[in-house]
There are 2 protein chains.
Amino acid sequence: MSDLLERLRGRGWRMTAQRRVVAEVLNGEHVHLTADEVHARAVAKLPEISRATVYNTLGELVSLGEVLEVTTDKRAKRYDPNAHRPHHHLVCARCGAIRDVHPTGNPLADLPDAERFGFTVSDVEVTYRGLCPDCADA
Amino acid sequence: MSDLLERLRGRGWRMTAQRRVVAEVLNGEHVHLTADEVHARAVAKLPEISRATVYNTLGELVSLGEVLEVTTDKRAKRYDPNAHRPHHHLVCARCGAIRDVHPTGNPLADLPDAERFGFTVSDVEVTYRGLCPDCADA
DNA sequence: ACTTGACTTAGACAAAGTCCATTGTAGGAT
DNA sequence: ATCCTACAATGGACTTTGTCTAAGTCAAGT
């Protein structure tokens, strides 16, 4: 499981009540919260926490590589704590539900040199779109 | 080439000076402008055009399937007139430059049933990330 | 040329996120 | 245990991106 808090403490991350709460909110699989959702849940545990702090903390967690930013729709960025295992996303086009998925194959190998335009390609992000079981009945 | 304007006229789209200008701005390959960029270029040709009209027109072009919305970064949506040929995107992580690419293989086939969570998967979007030749020298 | 419904406009509004000066505090030093 | 100080948190103003609306304008058919 390797708790997020454990890892952060181990990295000498200065611990405060606010940071602990944010780290607690971001735990588990298939977790993809917006900054505002993180803030809402953090407020439930620590009413004085401010929006700016949540943004700052999320930004730091991303810099540390402990959390990933996901932009599946045009709305708000989402934060995905499942950073230790590479994965892609499956998104419901209707309700926005997100699942982590692990496709076979390596898309990086599927991009011929002639299609790289001199870029140094280092990463691929794959987003599958469709309808979730709930939204398919309509 | 199949000009965008031609196609729109052929579809009985009501033509106005504003719509013509927007359609003219969106022409060519590897074009991925934000709404504001489209507006800026449109204003150069037709100073009275308003932001709302640009947004409306872009929205309609997307509905008509003549232009694609692309959200490569967390910032603004981008508009891609290259809708008649399916493609994916290669994005510079530093400067944001975007190229259209055509990888081999079919990522849809790479998602096992066990990884679909009951979704009806209909589409895949692949975004390659790296550094463009200009940004690689730094 | 007239009419009409669709198109355009300006500006108010909203959502997501950033910035900054001030205040507070974690954790090492004493 | 207490003190210091650099780092963190706060809240409010500000920015960016996008939506909405009421009123004015215009393309296209008759």
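Here the structure is a predicted model, which means the values were calculated and not measured. Values below: all heavy atoms of this structure, side chains included; hydrogens, waters and symmetry mates excluded.
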Stepwise side-chain contact (heavy atoms from CB on, under 4.5 Å) check, A:D80 with A:H89: CA-CA 11 Å; A:D80 183 341; A:H89 293 109; 2.9 Å; yes

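- Spacing between atom CZ of A:R75 and atom C1' of C:dG17 amounts to 14 Å, rounded to whole angstrom units.
- Here B:Y55 reaches the OP1 or OP2 of D:dG18: one of its side-chain N or O atoms lies under 4.0 Å away.
- With distances taken from any side-chain atom of A:N56 to the nucleotides D:dA8, D:dT10, C:dC7, the minimum falls on D:dT10.
- Candidate nucleotides D:dA9, C:dT9, C:dC7 were compared by shortest atom distance to the side chain of B:Q18, and C:dT9 ranks first.
- Protein atom CG of A:L8 is 13 Å distant from nucleotide atom P of C:dG27, rounded to whole Å.
- Nearest nucleotide to the side chain of A:E48, out of D:dT10, D:dT19, D:dA8: D:dT10.
- Between B:M15 atom CE and C:dT8 atom P there is a gap of 10 Å when expressed in whole angstrom units.
- Taking the side chain of A:A76 as heavy atoms from C-beta on, and the options D:dA8, C:dT8, C:dG17, the nearest nucleotide is C:dG17.
- Taking the charged nitrogens against the carboxylate oxygens, A:R78 and A:E69 have no contact shorter than 4.0 Å, which rules out a salt bridge.
- Classification of A:R19 and A:E60 as a salt-bridged pair holds, one side-chain N sitting under 4.0 Å from a carboxylate O.
- Closest to the side chain of A:T53, out of C:dT18, D:dT10, D:dA28, is D:dT10.
- Looking at A:R14, its side chain comes within 3.5 Å of the base of C:dT25 through a donor and an acceptor atom.
- Ranking C:dT18, D:dT16, D:dA28 by closeness to the A:K77 side chain, first place goes to C:dT18.
- Residue A:L58 contributes atom CG, which lies 12 Å from atom C1' of C:dG17 at whole-angstrom precision.
- Between A:S50 and B:A52, it is A:S50 whose nearest contact on DNA chain D lies nearer the 5' terminus.
- For the pair A:H39 NE2 and D:dT10 C1', the interatomic distance rounds to 11 Å; values are reported in whole Å.
- No donor-acceptor pair under 3.5 Å is formed between the side chain of A:H84 and the backbone N or O of A:N82.
- Closest-nucleotide positions on DNA chain C for B:R51 and B:L46 were compared, and the one nearer the 5' end corresponds to B:L46.
- For the pair B:R20 CZ and D:dA27 C1', the interatomic distance rounds to 11 Å; values are reported in whole Å.
- Distances shown here put every side-chain N or O of B:T16 at or beyond 4.0 Å from the OP1 or OP2 atom of C:dA6.
- Distance, A:R19 CZ to C:dG24 P: 19 Å, rounded to whole Å.
- Formation of a donor-acceptor pair under 3.5 Å by the A:H30 side chain with backbone atoms of A:D100 is found in this model.
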